[in-house]
Structures are given as structure tokens and as C-alpha cells.
Novice: 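Once you've had a glance at the structure underneath, I'll fire off some questions.
Each chain gets a letter, A, B and so on, in the order its sequence line appears, and its residues count up from 1. Source: prediction; values computed, not measured.
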Protein chains: 2
Amino acid sequence: MNEANKKVDVFQAIADPTRRDVLQLLAIKQRSIAEISSHYDMSRTAIVKHLNVLTEAGLVNGQKLGREKVYYLKPEPLGEVKQWLDYYEQFWNNKLSKLKFLVENED
Amino acid sequence: MNEANKKVDVFQAIADPTRRDVLQLLAIKQRSIAEISSHYDMSRTAIVKHLNVLTEAGLVNGQKLGREKVYYLKPEPLGEVKQWLDYYEQFWNNKLSKLKFLVENED
DNA sequence: TTGACATAACACCTTTTGGTTATATATAAT
DNA sequence: ATTATATATAACCAAAAGGTGTTATGTCAA
């Protein structure tokens, strides 16, 4: 339940292309396991495992609704990735983003 | 050399905490393999493997300098991560940007 | 209450990951 | 030329990841 017992790092959760794709599906709307797995060639069991990883990373949550389990996106943990990424922004884009980084971190 | 022969996805490359830590080290300055591995308990061979993964993702590059091989950061592939992340920002950043606005304008 | 359906729980297999040690090669210093 | 240092490479191993299929359980609907 708590944010504290994340067993899976969010970086690891988004490392898999299928999981990123599932996130994309759930970004549009919430979906049942059956509906999600209908988009892929792999077995429903495999999709459930991916959903479990995403759940442990706090990126999705599943709610039982009747006899279905409906998953929805929880994007908050992506903030950690964004924060990590912001540090490196100073190194690649243009001088503008470098300036932006410096200004936003000047204290 | 080419962007085309990336064998490793950048998302996968940054999934490992050790590799993220190595990136951090190289962000400060370029370093030889020996210097990098001196920061860790694991063997130099293990570090070299991580460096190979990072290299295949295009995130670092190593240049032979005398008998040393000096690695340096190549942050460009992180742009792909940022781009991916930007899409999801709309889902959570509403609260955050409001808060950011409040904090930045509280004078 | 029976049948169909959605999900859960297993058991199992293969590949990849992340690490080890040992040995070889190239360069620098004495 | 010899020795010490830095890296490269190969063989090996354990554990985790990612997939499969089968069976069990719970829920809805006729």
C-alpha cells in the first residue's frame, strides 16, 4: 500500500519495452487485464507479470471491479526519473537548457 | 560510431543503479577504468561489462590514452528518455507545476 | 445451479544479467 | 631488457528475468 515498500525501482520498471507500451495504453484509459493482453502476442500470464512489476514500482494500480481487475496509470513515480534526468540536461541540450538548469539551482 | 548500431536500449542501460552511478562519476569528469572501478567493491571486469553496456547505448565512450582507457559521458541518448517522459508529464505535473509556481512566487 | 468467463496460482523452462577468476596483451618506467 | 601497470578477453557460475502451459478459484448470467 505504502510508497515505502516499493520492491522494484522505477528505472527498472520502465526498462522493458512491453511495460512502457502498457503504460501508454493505460495513459489513454484504464483497462482490464484481458483488454490489455489482447494487444499483445504474448500470454496473459506474461502480461500479468509485467503488471505486477509496474505495480511494485508504483506506476499502476489494479482495482477489482466485478470479476475483472481494472488497471490504471499512476504516473507519480516518473517524477523520480524526471528529477534524475534534469541533472543531465545541463550536459546535452543547448545553452538555453544549461542556463535553465543553473538558474533553477542557483541556491 | 553510428547511431544505428545501438544494441542496448537507453532505458535498459540506465536501469541498473551501478550504471547510473558510473554516469554520475563521468558527468563530473572523464576517468580511466581503473579510477572508475576504484569506487566500487566489485571487480574491474564487472565494471568493464557495465561500461560496455553504457557504450552500446551510446551513453559513454572510451578512448585509449597511452595504456589507459579513458571514458567520458555522452549524454545525448538521454534525450530519448526525456522525450518519452515529457508525454507523461501532463498526467502528474499539474499539481507539481502549481506548487512550483507557488513556491517560486511567494515573495 | 450450471456453465462461461476473468483472474490467480503453480510448476517449469530458457535466456540474460551480473558477477567471479584466470590468463594474455600492450604500454610505461626503471 | 625487465618489471610493473592497465586493459582485454575467455570460461564459468548463480540468480533473476521473461516466457510457457496447466490447473484452480471466484464471479456473473442464464
Novice: Would you call B:D9 and A:R20 a salt bridge, taking side-chain N to carboxylate O under 4.0 Å as the test?
Specialist: yes
Novice: Is the phosphate of D:dA17 approached by A:Q12 (side-chain N or O, under 4.0 Å from OP1 or OP2)?
Specialist: yes
Novice: Assess whether one donor atom and one acceptor atom, taken from the side chain of B:R67 and the base of D:dT5, lie less than 3.5 Å apart.
Specialist: yes
Novice: Rounded to whole Å, how long is the line connecting atom NZ of B:K69 with atom C1' of C:dA28?
Specialist: 19 Å
Novice: Remember a base hit wins even if backbone is also touched, and classify A:E35 as base, sugar-phosphate or nothing at under 4.0 Å, heavy atoms.
Specialist: nothing
Novice: Return the NZ to CD distance between B:K82 and A:E89, rounded to the nearest 0.5 Å.
Specialist: 4.0 Å
Novice: Rounded to whole Å, how long is the line connecting atom CZ of A:R31 with atom C1' of C:dT7?
Specialist: 19 Å
Novice: Show your reasoning for whether side-chain contact (heavy atoms from CB on, under 4.5 Å) applies to B:Y71 and B:T55.
Specialist: CA-CA 9 Å; B:Y71 277 86; B:T55 302; 3.7 Å; yes
Novice: Rounded to the nearest angstrom, tell me the gap between atom CZ in A:R19 and atom C1' in D:dG18.
Specialist: 9 Å
Novice: Quick one: A:Q63 CD to C:dA6 P, roughly how many Å, whole number?
Specialist: 18 Å
Novice: In chain order, what residues pass the salt bridge (charged side-chain N to carboxylate O under 4.0 Å, His left out) check against A:R31, with sequence neighbours excluded?
Specialist: A:E35
Novice: D:dA17 C1' sits how many Å from A:E56 CD, rounded?
Specialist: 13 Å
Novice: Report the relative orientation of the aromatic rings in B:F91 and B:Y88; use parallel for angles under 30°, tilted for 30 to 60°, perpendicular for over 60°.
Specialist: tilted
Novice: B:E68 has an atom CD; how far is it from atom C1' of D:dA6, in whole Å?
Specialist: 7 Å
Novice: Let me spell it out: for each of A:K64 and B:Y71, pick the nucleotide of DNA chain D with the closest heavy atom. Which residue's pick is nearer the 5' end?
Specialist: B:Y71
Novice: Which residues in residues 36-52 of chain A have a heavy atom closer than 4.0 Å to any atom of DNA chain D?
Specialist: A:M42, A:S43, A:T45, A:A46, A:K49, A:H50
Novice: Going hydrophobic residue to hydrophobic residue with side-chain gaps under 4.5 angstrom, can you get from A:M42 over to A:L26?
Specialist: yes
